[in-house]
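Step one of this worksheet: look at the structure below.
The model shown is predicted, which means the values in this text are computed figures rather than measured ones.
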Amino acid sequence: LARGSLCDIQTLQVKMEPEKHTDMVEKKASMEVEGSSEAPEKINKIALLCAVVGSIISIIFGYDTGVMSGAMIFIKEDLKINDVQVEVLAGILNICALVGSLGAGRTSDYIGRRYTIVVASIIFLIGSILMGYGPNYPVLMTGRCIAGLGVGFALMIAPVYSAEISSPGTRGRLTALPELCISLGILLGYVSNYVFGKLALTLGWRLMLGIAGVPSIVLAFGIVKMPESPRWLVMQGRLAEAKKILFLISNTKEEAEARFCDILVAAGLDENCKEDVIEVPKSTKGEGVWKELLLRPTPPVRRILIAAIGIHFFEHATGIEAVVLYSPRIFKKAGVRSKDKLLIATVGVGVTKTLFILVATFFIDKAGRRRLLLTSTGGMIVALTGLGFCLTMVEHSKEQLTWALSLSIVSVYVFVVFFSIGLGPITWVYSSEIFPLKLRAQGTSIGVAVNRLTNATISMSFLSIYKAITIGGAFFMFAGMAVLAWIFFYFCLPETKGRSLEEMEMVFSKSKDTNKSRNGIV
């Protein structure tokens, strides 16, 4: 037989025995669920390092988001721009991120997960330089648009890389790191507002925006020292390299062997294949992905796509971008007048968000995605309703209501707490882990595109919405969206805790169509 042909024959045998493999996966899954009450699995140090380095790109994105909330105050004063231009400046990042995210999926399938992060870093660097220079509004907008393309790449690739490096027992914690890093970046952006805001008007905001180029350079050099995703290597037929990396990022040899076999089966290859390098079919390399995602999806893939789009939509449709980006205006409406106090209160929002996402990373593999998500959304409904009520009272009162001012600020912080323990980190964990191997990069990119589109819609229309229906009415609207989100999560999002990436299609299968699932996509 020619080299590699034995693997091809065995692969056909695997595809002819779907029921046997499904039964095996179900037994394995039940064993993992039964043992899920035990102590969380120890995180492999190399896998942790990979996830941390890969997540630095998320810090840069978070910084760009957070710093703009305060920088807009100074930009508006310096460049003499109006509220519409401020809204466009805030939201254009996400419009461009939508384009970037759709391109990132195909790019990462072509050049690999690591080098896609490098591309994102270079894009961020160019955008930061232009924004830091920013002599006028058009140049500032150009830099913001370029940075937006980097955001699209970052949001898609960071959680995918973390998920593919992680083991099932640690995936929740490691895949939550990008969201934690986004929050850390937002916090650093707020701190930057406070520190550089004390400088001359023409210099302060430019330093706020331009300094983001420094971590971009560090990341571009650091990520090339990290291993490539073993799942991407298998899709390229580079089996020996994939296996070598799995031994590095697994705690035991047995775990590495088991993960390697699962990946081979998910890629439509025989788990007993012993070749170092094989020629894989074009379909395994990602050809025809859009057809399988959008035109002819299997029932489980259709449910996965709906779940991913839904969770990304509701992450921003419930108002977090309005709070993060416009918190100085919200606090001002609530009665806080001093510029310093506004920025300090905003820094507090960033600290709260970062702290509670950090807390969530320790519970996400223990409590499970679903339980945290429903608890989080329930708390957000209460907080948004309270904030809408208090801001309505403040707006319609002729005298200052101290109790309403205090309760408004408390409601903002409570909302951020509940968002950060569930919906914030779980959106990225969940959407990056549920797609089958072949569809993961581009499936995740669709979710990110919806995320950015919703984000852009909120950030570019929030000022207009609250002028039309009052600021209190805007947050009542967000509370209504949170109710819809809770219902959607309850009925459409099954638990994925403790399941391997290769089992996700089975998790979304119903008993009547489990065996109808297309062979070779597990």
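A 4.5 Å side-chain heavy-atom check between C50 and Y161 finds at least one atom pair inside the cut-off. Considering only heavy atoms from C-beta on, L180 comes within 4.5 Å of L177 through its side chain. Proximity of L102 to V448: side-chain heavy atoms (C-beta onward) are nowhere separated by under 4.5 Å.
When all heavy atoms of I304 and E505 are compared, the closest pair comes out as CD1-CA, 4.2 Å. Nearest approach of S162 to S55, heavy atoms of both residues: OG-OG, 4.0 Å.
With values rounded to the nearest 0.5 angstrom, R296 atom CZ is found 12.0 Å from T298 atom OG1. Atom-to-atom distance recorded for I465:CD1 and I458:CD1 is 5.5 Å, nearest 0.5 angstrom. Taking CG from L93 and CG from N455, the interatomic distance works out to 8.0 Å, rounded to the nearest 0.5 Å. Rounding to the nearest 0.5 Å gives a distance of 12.0 Å between CZ of F363 and OG1 of T375.
Between W403 and F389, the ring planes lie tilted relative to each other; the angle falls in the 30° to 60° range. Ring orientation note: the planes of F508 and Y430 are nearly perpendicular, at an angle over 60° on the 30°/60° scale.
Using a cutoff of 4.0 Å between basic side-chain nitrogens and carboxylate oxygens, E228 and R113 are not scored as salt-bridged. Taking 4.0 Å as the cut-off between side-chain N and carboxylate O, E433 and R499 do not count as a salt-bridged pair.
Relative to the ring axis of Y490, R370 places its NZ or CZ within 45° and under 6.0 Å from the centre.
Partners of V53 according to the side-chain contact (heavy atoms from CB on, under 4.5 Å) rule, which considers only residues two or more places apart in sequence or in another chain, are L49, L219, I223, M226.
Looking at L358, I357, T352, I59 one by one, the single match for side chain to side chain contact (heavy atoms under 4.5 Å, CB included) with S183 turns out to be I357. A side-chain hydrogen bond (donor to acceptor under 3.5 Å, both in side chains) with R259 is found for one member of S500, S167, S250 and no other, namely S250.
T175 places no side-chain N or O within 3.5 Å of a backbone atom of G172 that could act as its donor or acceptor partner.
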Just do the side chain to side chain donor-acceptor pair (under 3.5 Å) check on R452 and H316 with the steps written out, would you?
CA-CA 9 Å; R452 292 300 91 193; H316 290 289; 3.2 Å; yes
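Within the structure, no pair that satisfies the ring-ring contact (aromatic ring centres under 6.0 Å, His included) test touches residues 42-68, not counting sequence neighbours.
The environment of CZ in F476 is crowded: more than 12 heavy-atom neighbours from other residues, nucleotides or ligands sit within 6.0 Å.
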